[in-house]
Number of protein chains: 2
Amino acid sequence: MPEPSRRSPRKAKGAGPERREEILAAALRLFGQYGLYGVSTRQIAQAVGVSQPTLYAYFASKDEIATELHVRAFRELEGRLRTGARDPESPDDVAVALRIYVDFGLENPDAYRVAFMFEGQHGQDMPEHPDVSASGHAAFGILRHMIAELQARHPDGGRDPDGLAQSIWAGMHGLVSLLIARPGFPWTDREQLIDRHVRMLADMAMAR
Amino acid sequence: MPEPSRRSPRKAKGAGPERREEILAAALRLFGQYGLYGVSTRQIAQAVGVSQPTLYAYFASKDEIATELHVRAFRELEGRLRTGARDPESPDDVAVALRIYVDFGLENPDAYRVAFMFEGQHGQDMPEHPDVSASGHAAFGILRHMIAELQARHPDGGRDPDGLAQSIWAGMHGLVSLLIARPGFPWTDREQLIDRHVRMLADMAMAR
DNA sequence: CGCGATCATCGATCACTGATCACTTATCAC
DNA sequence: GTGATAAGTGATCAGTGATCGATGATCGCG
């Protein structure tokens, strides 16, 4: 017995980490559908099948639920980028990574909303949760690294990979967030729009 | 006396339309500082110097206050674009318009938030407030028109001005919304970032 | 088996939110 | 004066996020 007096893991009905996951799943669905401020903790609790105070046994606040979803979304994105991103030989390789980004956002609009289209909070006071900041920077770091790598291989290209990466990231985020937020807008052919947008931004990594 | 039985305009202390403007001014300042959901109607009322129910004599709801600010902001944007946008001879003229767009967003972050980065609502059910939608589309229409005009003058450029305008708009929106939503991010020099971003997107209006 | 200890859970409740209503107050025309 | 009318308010409502003490259920241990 390596641990002298370990606490005993209760089994109960659906207690433990599973409850936590249930709560997160319900919250993700509800937040994505009705928005963070359009969903009450009581609604989340009801969707899970527990009472409202129970949520506070797993999370310190409603905001912490949203933050956890936020962090997970970034981790998921980071994983996809790490898997799909090669060492960039040409802008086309960058385009592949950008496409991964778009697909992730459109496939997980709920998570993307919670992650990027947040309201207020971040404004001034809140220094932004460390994990949130870290997971976000990690995903962004992959993109930045790709662009820096590409520019290094082609010294005739532009400089300042940091600023360029931020520009390209912003360009991607704009398209994804608008496609999600305004499905009723008379967009031109979606696939063509995305494809051209991605290629344009990827080409920017070398132009000038 | 053209009007048979007109209602008598009360003077009182600060009644009438002026009160309405005071409320809007206070709400704009508070919303911008603490966010829409970080400000209560009681705080707004206190800032104006009236009781909370008084607000409901001028506005049907807190949301209506935000909507009014939203519509006004977009009218302002539309006006700025109309004033500052010339018939585009070159991408530089488009860049000027884009720069107006960015400056507007950064100067009116809360209005911009309510306009584009809203939560839920637009999702499915709500058909989006007519005035809001109209003012938004009007501003976008100016940009689209500029790009179509530029392409028409230089037939060697690309086609599909609609799709291109959407791409450029998305690119602008992405930068503005991220700069607003994530002030804590280690952005490179802001002015340089914006300037290059704008020029890049403007150049896209003719490339290929 | 029984008996604390422990932990998940819940009803009750708090301060606060947006919104409503009956009531008072102040100003007007006459 | 007097009534009419609009402006403004205190009291209050249902619903919110969050807290707390009590209730069980489950465990290791005798």
Side-chain angles (χ1 to χ4, degrees), chain A residues 1-24 26-27 30-31 34-69 114 118-121 125-126, chain B residues 1-24 26-27 30-31 34-69 114 119-121 126:
Chain A
M1 62 260 298
E3 301 293 312
S5 75
R6 212 74 179 95
R7 73 157 100 147
S8 50
R10 308 251 334 303
K11 272 295 292 295
K13 243 191 343 209
E18 302 131 28
R19 268 267 184 277
R20 210 183 137 86
E21 295 303 316
E22 289 179 54
I23 294 170
L24 285 170
L30 289 172
F31 285 162
Y34 303 107
L36 177 57
Y37 295 98
V39 177
S40 70
T41 54
R42 284 165 181 79
Q43 289 176 289
I44 298 173
Q46 188 177 26
V48 176
V50 298
S51 73
Q52 184 246 8
T54 295
L55 301 186
Y56 291 85
Y58 297 91
F59 300 92
S61 65
K62 180 185 179 184
D63 205 72
E64 195 179 276
I65 299 179
T67 298
E68 171 99 24
L69 292 172
V114 174
F118 232 74
E119 246 238 56
Q121 252 92 340
D125 323 293
M126 217 171 106
Chain B
M1 63 254 307
E3 300 293 309
S5 76
R6 214 70 179 96
R7 69 157 104 149
S8 51
R10 306 257 327 304
K11 271 297 292 296
K13 247 194 336 210
E18 302 132 27
R19 268 266 185 277
R20 208 182 139 87
E21 294 303 317
E22 288 181 53
I23 293 171
L24 286 170
L30 289 172
F31 286 164
Y34 303 106
L36 177 58
Y37 295 99
V39 177
S40 70
T41 53
R42 283 165 182 80
Q43 289 175 287
I44 299 173
Q46 188 177 25
V48 177
V50 298
S51 74
Q52 182 246 9
T54 296
L55 301 186
Y56 292 85
Y58 298 91
F59 299 92
S61 65
K62 180 186 179 183
D63 207 70
E64 194 179 277
I65 299 179
T67 298
E68 171 99 25
L69 291 173
V114 175
E119 270 221 47
Q121 251 89 339
M126 210 171 117

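FYI, side chains are in, hydrogens and waters are out, and symmetry mates aren't considered; it's all heavy atoms of this structure. Letters A, B, ... mirror the listed sequences (proteins, then strands); counts begin at 1.
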Can you tell me how far C1' of D/dA18 sits from CD1 of A/I65, to the nearest Å? 12 Å
Side-chain heavy-atom pair A/I44, A/F31 within 4.5 angstrom cut-off: yes
According to side chain to side chain donor-acceptor pair (under 3.5 Å), who are the partners of B/Q46, at least two apart in sequence or on a separate chain? none
Nearest-angstrom distance from the residue atom CG of A/L30 to P of D/dG17: 12 Å
Run the numbers on A/T67 and A/F59 for side-chain contact (heavy atoms from CB on, under 4.5 Å), then give the verdict. CA-CA 10 Å; A/T67 298; A/F59 300 92; over 6 Å; no
Could you list the protein-to-nucleotides 21-24 of chain C atom pairs, N/O on both sides, closer than 3.5 Å?
none

Selection: residues 40-49 of chain A, any non-hydrogen atom under 4.0 Å of DNA chain D: A/S40, A/T41, A/R42
Taking only residues two or more places apart in sequence or in another chain, which ones pass side chain to side chain contact (heavy atoms under 4.5 Å, CB included) with B/A47? B/A26, B/R29, B/L30
What integer distance in Å separates A/R20:CZ from C/dT9:C1'? 17 Å
Using C1' atoms of five pairs at each end, report the bend of the helix from C/dC1-D/dG30 to C/dC30-D/dG1 rounded to 10 degrees. 10°
In whole Å, I'd like the distance from the CZ atom of B/R19 to the C1' atom of D/dG8. 9 Å
Toward the 5' end of DNA chain C, by each residue's nearest nucleotide, A/A57 or B/Y56: A/A57
Among C/dG11, D/dT9, C/dA19, which is the nearest nucleotide to the side chain of B/S61? C/dA19
The side chain to side chain donor-acceptor pair (under 3.5 Å) partners of B/E68 (sequence neighbours excluded) come to B/R20, B/R72
Mind running side-chain contact (heavy atoms from CB on, under 4.5 Å) on A/Y37 and B/L36 for me, showing each step along the way? CA-CA 11 Å; A/Y37 295 98; B/L36 177 58; over 6 Å; no
Distance check needed: D/dG15 P versus A/K62 NZ, whole Å only. 16 Å
Whole-Å distance, B/L55 CG to D/dT9 C1', equals 12 Å
Using a cut-off of strictly less than 4.0 Å, decide whether B/Y37 has a side-chain nitrogen or oxygen near OP1 or OP2 of C/dT17. no
If you look at every heavy atom in A/E64 and A/Y58, which pair is closest and at what distance? OE2-O, 4.2 Å
Checking A/S61 now: which residues fulfil side chain to side chain donor-acceptor pair (under 3.5 Å) with it, not counting sequence neighbours? none
Interatomic distance where CD belongs to B/Q52 and P belongs to D/dG10 [whole Å]: 11 Å
CG-CG distance between B/L24 and B/L69, expressed to the nearest 0.5 angstrom: 5.0 Å
Length of the line joining A/D63:CG and D/dT16:C1', which is rounded to integer Å: 15 Å
Picking from D/dA18, D/dG8, C/dT9, which would you name as closest to the side chain of A/T54? C/dT9
With B/T41, which residues qualify under side chain to side chain contact (heavy atoms under 4.5 Å, CB included), at least two apart? B/Q52, B/L55, B/Y56, B/K62
